[in-house]
Amino acid sequence: MSHIGLEETLLGGQSFSWTATTESSWKGVIGKSVVELRLTKDRLTWRTGKKHPFAEKKLRNYLWLDPSFAEAVDSLPWRSDPVLDRCMKALPGLRILRQPMDEVLLVFLLSSVKSIPQIKEMKELVARKYGEPLELDLWSFPGWERLAEIPEAELRDLKMGYRAKYVHGVARQIAINPSMLREVVEQPYEEAKAKLLGLPGVGPKVADCCLLFGASRTNAFPIDTWISKTLEMHYGLGGWSNNQQAHFAFKHYGKHAGLAQQFLFSGERLGLHEKA
DNA sequence: ATCCAGGGTGGAG
DNA sequence: CTCCACCCTGGA
């Protein structure tokens with residue numbers, strides 16, 4: 001685990017629950033637990049609040065700290081793909097977090113045409129207003145049952161804009177079918193994705209983000225503007241439709257294409273491919 | 001001051 | 001498949 005790899009994992013746009021507290025420590029909320037991570041000389045340590053403790057076993061799962069991570073990394077085509085290899089070498093230890101599906105769905109519902117700081121702000125406004133206070137300046141995600149009680153207009157005041165309609169609509173659908181998100185996490189990829197696509201404001205990109213970040217489906221390959229740009233600039237896929245690019249991704253990157261996506265996304269974001 | 005784009009989606013042509 | 005409105009905010 002490298003400093004840049006962990007920093008990108010926590011702050012690079014797959015989670016909006018973490019904040020840097022010092023140069024090498026980060027504080028985040030998982031469910032109702034507050035967790036602080038610290039990385040000193042390649043060694044990861046952590047502590048958790050005592051009111052809502054987060055077990056070590058759960059944290060290891062959240063951070064994908066089991067041998068299947070190394071296997072997934074090795075399965076990527078870095079041997080034959082210099083673009084991917086450059087990203088992987090620059091971001092050692094970058095990984096996919098195993099986050100709670102309900103929170104992931106909210107933040108990516110809010111993500112359309114928004115930057116990372118803006119998404120984080122909207123999420124924090126929701127938590128602050130409707131969530132449970134955990135620490136000074138930290139609140140939990142309120143849950144979809146709570147969000148279902150809130151009028152759309154009230155959500156609009158939280159800087160959501162037209163996304164308020166999506167949040168309200170999704171909350172109502174989940175209220176009608178409370179087991180839906182659990183099913184999405186458990187079902188095979190195709191069925192789960194179809195179920196997510198039935199929700200208002202959830203298109204292919206958001207659905208794949210939910211499956212990748214909230215259900216450990218590392219084959220899910222969300223295609224956003226950054227990835228599309230990478231595929232155009234460095235793989236010669238200019239003019240390809242999103243479907244064509246998705247097909248390429250699955251064939252080229254394999255069953256953990258979503259992990260490749262995260263390396264490429266961060267690489268593009270950090271400008272790794274700018275010519276020196 | 002205006003203009004524009006920021007991890008898209010839904011609806012129409 | 002392509003085009004564009006959708007809300008709002010911050011930076012050029």
Side-chain angles (χ1 to χ4, degrees), chain A residues 7-18 87 91 94-97 99 101 103-126 129 150-173 193-215 217-218 220-234 237-249 253 257-273:
Chain A
E7 172 117 333
E8 266 302 294
T9 299
L10 298 174
L11 308 180
Q14 63 172 298
S15 175
F16 302 87
S17 305
W18 294 87
C87 298
L91 297 158
L94 177 67
R95 61 198 56 233
I96 306 294
L97 298 171
Q99 303 176 74
M101 170 61 82
E103 295 186 40
V104 171
L105 175 57
L106 174 70
V107 292
F108 285 97
L109 213 44
L110 296 175
S111 71
S112 79
V113 200
K114 283 291 179 186
S115 62
I116 291 174
Q118 291 174 313
I119 299 165
K120 196 157 185 278
E121 186 188 10
M122 288 184 281
K123 186 204 170 182
E124 285 171 358
L125 286 171
V126 169
K129 187 151 186 185
I150 300 158
E152 180 187 327
E154 201 173 310
L155 294 171
R156 260 176 202 262
D157 292 337
L158 305 180
K159 303 191 178 183
M160 286 187 195
Y162 62 83
R163 298 160 200 81
K165 182 156 42 116
Y166 300 157
V167 173
H168 185 71
V170 166
R172 294 196 59 91
Q173 292 248 10
K193 186 166 180 180
K195 195 161 281 186
L196 286 167
L197 289 174
L199 295 171
V202 178
K205 191 272 179 185
V206 171
D208 276 330
C209 284
C210 290
L211 291 169
L212 178 59
F213 303 130
R217 301 303 167 76
T218 50
F221 192 89
I223 295 183
D224 56 56
T225 53
W226 293 90
I227 278 299
S228 204
K229 181 182 167 194
T230 291
L231 294 179
E232 283 174 26
M233 303 279 291
H234 308 297
L237 304 193
W240 289 40
S241 72
N242 280 14
N243 271 337
Q244 291 170 315
Q245 291 187 343
H247 188 252
F248 166 85
Y253 299 114
L259 179 59
Q261 189 269 0
Q262 205 56 29
F263 280 112
L264 295 167
F265 175 80
S266 287
E268 192 67 52
R269 227 171 61 82
L270 299 176
L272 288 185
H273 309 301

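A note on names: the letters A, B, ... follow the listed sequences, proteins ahead of strands, and every chain is numbered from 1.
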So, do A:Y162 and C:dC7 meet the stacking rule of ring centres under 5.5 Å and planes under 30°?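 Whether judged by distance or by angle, A:Y162 falls short somewhere, so it does not stack on the base of C:dC7.
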Using a 4.0 Å heavy-atom cut-off, does [X] contact any base of the nucleic acid, only the sugar-phosphate backbone, or nothing at all?
X: A:Q244; result: nothing
X: A:G203; result: sugar-phosphate
X: A:P200; result: sugar-phosphate

I'd like to know if the side chain of [X] pairs up with that of [Y] as donor and acceptor (distance under 3.5 Å, no hydrogens or angles considered).
X: A:Y162; Y: A:S112; answer: yes
X: A:S17; Y: A:K120; answer: no
X: A:Q245; Y: A:S228; answer: yes

Can you figure out which of B:dG6, B:dG8, C:dC7 approaches the side chain of A:T225 most closely?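 Minimum distance to the A:T225 side chain belongs to B:dG8.
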Of the nucleotides C:dC1, B:dT9, C:dC7, which one has an atom closest to the side chain of A:Y166?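 Looking only at side-chain atoms, A:Y166 lies closest to B:dT9.
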Side chain to side chain, A:K205 and A:C209, heavy atoms closer than 4.5 Å: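 Of all side-chain heavy-atom pairs linking A:C209 with A:K205, at least one is under 4.5 Å.
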Over how many whole Å does the gap from [X] atom [atom1] to [N] atom [atom2] extend?
X: A:L158; N: C:dC7; atom1: CG; atom2: P; answer: 16 Å
X: A:Q118; N: B:dC4; atom1: CD; atom2: P; answer: 18 Å
X: A:L109; N: B:dG10; atom1: CG; atom2: C1'; answer: 13 Å
X: A:K120; N: C:dG10; atom1: NZ; atom2: P; answer: 16 Å
X: A:L155; N: C:dC8; atom1: CG; atom2: P; answer: 13 Å
X: A:K205; N: B:dG8; atom1: NZ; atom2: P; answer: 6 Å
X: A:I119; N: B:dT9; atom1: CD1; atom2: P; answer: 12 Å
X: A:L196; N: B:dT9; atom1: CG; atom2: P; answer: 11 Å

Ring centres under 6.0 angstrom apart (A:F16, A:F108):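 When the ring centroids of A:F16 and A:F108 are compared, they turn out to be within the sub-6.0 Å range.
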Residue closer to the 5' end of DNA chain C, A:E121 versus A:V113 (nearest nucleotide):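 Checking each residue's closest nucleotide, the 5'-ward one belongs to A:V113.
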By the definition side chain to side chain contact (heavy atoms under 4.5 Å, CB included), identify the one residue from A:R163, A:K165, A:H168 that meets it with A:L155.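 Going through A:R163, A:K165, A:H168 one by one, the side chain to side chain contact (heavy atoms under 4.5 Å, CB included) with A:L155 is satisfied by A:H168 alone.
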What residue among A:L91, A:I227, A:T218, A:L94 forms side chain to side chain contact (heavy atoms under 4.5 Å, CB included) with A:Q262?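 Looking at A:L91, A:I227, A:T218, A:L94, the match for A:Q262 under the side chain to side chain contact (heavy atoms under 4.5 Å, CB included) is A:L94.
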In whole Å, measure the gap between the P atoms of C:dC7 and B:dA1 for me.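 Between the two P atoms, the distance is 24 Å.
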Report yes or no: is there a donor-acceptor pair, N or O only, under 3.5 Å between the side chain of A:R163 and the base of C:dC6?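 Result: no qualifying N/O pair found.
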Closest nucleotide of DNA chain B for A:D224 versus for A:L199: which of these residues is on the 5' side?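 First, find each residue's nearest nucleotide; the 5'-ward one identifies A:D224.
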Using heavy atoms to find the nearest nucleotide of DNA chain B for A:S111 and A:V202 separately, return the residue whose nucleotide is more 5′.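 Final value for this comparison: A:S111.
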Nucleotide pairing, DNA chain B (Watson-Crick or G-U, distances under 3.5 Å), in dot-bracket with [ ] and |: .|||||.||||||
Which heavy-atom pair separates A:G169 from A:P200 by the least distance, and what is that distance?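 Distance-wise, the nearest heavy atoms are C-CG, 3.7 Å.
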